[in-house]
Amino acid sequence: MRRRILDIVMWSLFGVALALVVLPAIDIIVGILAQSAGSWSPELLFTPTSGVAGGLLNAWTGTLMLMALLLIMAAPIGVLGGIYLAEFGSQRLAQILRFGSETLAGVPSIIVGYVIYLVFVVKFGWSFSALAGGIALTIMVIPYIMRSTEAALRQVPTNLREGGTALGLPPSLTIRRVLLPMALPNIMTGLVVAEAIAMGETAPLIYTAGWSNSLPTAQLIHQPIGYLTYVVWTYINQPFSQAHQLAYSAAALLLVLLLLLIGLGRLISARASRFNDRFQV
Amino acid sequence: MVKVTETMNLLSTEWEIERLPFPRPDDKTVDRRNGSHRTPPPIESQNYLNTQQAMLDQGVSKVQLTDLRVRFGEREILHGINARFIDQRITALIGPTGCGKTTLLRTLNRLNELVPGFHVEGRVELDGMDIYRDVRDVRDVRRRIGMLFQRPNPFPQSIEENIAIGLRAHHIVPRGEVHDEVERQLTEVGLWEAVKDKLSESPFGLSGGQQQLLCLARTLAVRPEVILLDEPTSSLDPVSTQRVEDLLVALKSRVSIVMVTHNVQQAARISDYIVFLYEGRVVEANTATEIFVNARNKVTEDFLTGRMG
């Protein structure tokens, strides 16, 4: 009888904890979709912002451009750094690297933005630009990518690592052909989460990317760029209902992009793990 | 000990193995209960050095260990091992759990170097060459001394690539001949018929026994001179076990085999020599027949009869 009561109490606690996590998430999603529902139209997606009205074309294309820049810069550095930490990590240099990366992960994003502002926007004279924004985001997410890549590689069964070594394969070949294929799904997940984190960032971009009503171009410096989080952050404070509508729409669009990103990540992971899906640990 | 009819043609699937009657625990010739009248020498005795000499007299030693000490951090696991592994013979390393069998095995191809804190003293010689001191390229040592693990560990690549990767890395055959060589290796372990239509598929779809055979083919493909086996059949079913054992016996014509096994019956079935380890020391080393019929040490006998370990 006592066991039964304990059982019920524990399950109730789990239920409450679950509800505390899930309900706010549902509330946010439903709230945003409901608030923005009235303003969904092709014009919203395909016209740029003008003042506090217009559409979000400049913002969502700008966000995608920043995400692409981020992927190009952060993915190679972060993944290679993670490989280094996991495979050669006992050396002194690796310890320093890990310490630096952990410190960087703890720096508030607004400070990262401010540093980039001082160095690139002011000192290098790039002014507000896509590249400065991309670099700020890159610095934000590199520690995250490094850590998730390192963890992904460490999760590969020792058995496989030793198999490659015992066959006399060079370490680089073992990493490329044996460890990375096993770790790739987790590395991809890490990249997707990193992109998602960056997509939701506002603080480091305000100082670095600025804001623009026009569409992004191939000019990466000397020209500011628009992005969705700016609309959410700024327009909600404007005393116009049109601006509020736009802010909610931007938030909804962010959610949709996020879901697409996660779906894309899943798809790539599934393809990447063609050979390791049935590995028996 | 093993005769193969006609020539030792491994490509032919029709080879037969004629086994001499190995003493088995249930054999009448080995009456262990009467063995206790002998006074076994103490563990620390130099008895094994004499029997090692006997082993050497019967063949060329391929791998030789001299006063091998291994420790991880502060903890010494192997306390001065002297042993010889004879060319073209199967030597079984047996002993109770934790006696250092696997550590010894993994020291022979420098695999323990992956473990932090690993420290080795003494000599491990392959054909007279110290693999820890005289070697420039450890990868070539590992090619010459192959290893098959306790659990099958095919690489997350296609079945064909699992074999081809070693062929290419060690330049075993010219690039154009890799595919044919893969077929040869898979045929040799008797896997070709089962996998020829799914060479580009994942190896993880194969059964455990097939995966282990694939791993054996992968190891053999790079032309090893010695093969280390860490309980190679402990995760396999009896039929696959039989298959692997038959292959090992057939392989003796070109490699020396060192096998860790927990299975005394298996040691009796296929090994020519036995090295019995206990608490990081060689207690007894001799021909399998001699060990099973006439163990000189009480500890060995206790282990073989199941009174220990």
Side-chain angles (χ1 to χ4, degrees), chain A residues 79 83-95 98 149-189 268-281, chain B residues 105-106 108-117 137-159 161-170 172 200-208 211 214-215 218-224 227-230 235:
Chain A
V79 170
I83 292 174
Y84 181 81
L85 283 184
E87 299 304 317
F88 312 95
S90 58
Q91 293 148 22
R92 198 169 166 72
L93 191 61
Q95 282 174 359
R98 193 175 287 128
T149 303
E150 184 185 359
L153 281 168
R154 287 195 192 282
Q155 274 174 21
V156 177
T158 333
N159 203 5
L160 276 179
R161 191 182 308 262
E162 290 182 342
T165 309
L167 196 60
L169 302 184
S172 62
L173 194 62
T174 307
I175 292 171
R176 259 190 306 134
R177 308 303 300 275
V178 182
L179 304 184
L180 280 182
M182 290 302 285
L184 209 54
N186 285 344
I187 294 176
M188 290 302 304
T189 308
I268 296 172
S269 291
R271 279 196 63 85
S273 61
R274 190 156 56 103
F275 288 127
N276 62 13
D277 50 345
R278 274 187 289 177
F279 183 79
Q280 294 151 2
V281 179
Chain B
L105 196 75
R106 293 163 52 100
L108 302 184
N109 65 345
R110 295 180 55 169
L111 196 60
N112 274 332
E113 287 179 356
L114 299 185
V115 183
D137 189 359
V138 62
R139 285 177 248 160
D140 198 52
V141 171
R142 291 184 179 136
R143 178 192 67 74
R144 293 175 64 189
I145 307 183
M147 187 167 193
L148 192 62
F149 292 79
Q150 189 170 0
R151 302 176 71 93
N153 55 351
F155 299 145
Q157 300 285 340
S158 68
I159 290 171
E161 183 61 18
N162 260 276
I163 314 281
I165 191 169
L167 294 174
R168 284 198 297 262
H170 294 291
I172 302 293
S200 58
E201 288 177 24
S202 163
F204 302 118
L206 301 175
S207 75
Q211 289 188 28
L214 180 67
C215 292
R218 177 178 80 190
T219 305
L220 291 173
V222 299
R223 313 290 195 264
I227 299 182
L228 311 175
L229 305 154
D230 188 2
S235 64

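All heavy atoms count here, side chains included; hydrogens, waters and symmetry mates do not. Letters A, B, ... are given to chains in the order of the sequence lines, protein chains preceding strands, and every chain is numbered from 1. Predicted, not measured: the structure shown is a model, and the values here were computed from it.
In this structure the side chain of Arg139(B) never reaches within 4.5 angstrom of the side chain of Leu169(A), judged on heavy atoms. The closest side-chain heavy-atom distance from Phe149(B) to Glu162(A) is below 4.5 Å.
Neither the backbone nor the side chain of Gln150(B) has a heavy atom closer than 4.5 Å to any heavy atom of chain A. If you measure heavy-atom distances from Leu228(B) to chain A, you find no contacts under 4.5 Å at all.
Atoms CZ and CD1, from Arg176(A) and Ile165(B) in turn, are 8.5 Å apart once rounded to the nearest 0.5 Å. How far CG of Leu167(A) is from CG of Asn153(B): 9.5 Å, rounded to the nearest 0.5 Å. Taking OG1 of Thr165(A) as the start and CZ of Arg106(B) as the end, the distance is 9.5 Å to the nearest 0.5 Å.
Taking both residues in full, the closest heavy atoms of Arg177(A) and Gln157(B) are given as O-NE2, 2.6 Å, listed atom of the first, atom of the second, then distance. The heavy-atom pair separating Gly168(A) from His170(B) by the smallest distance is O-CE1, 3.2 Å.
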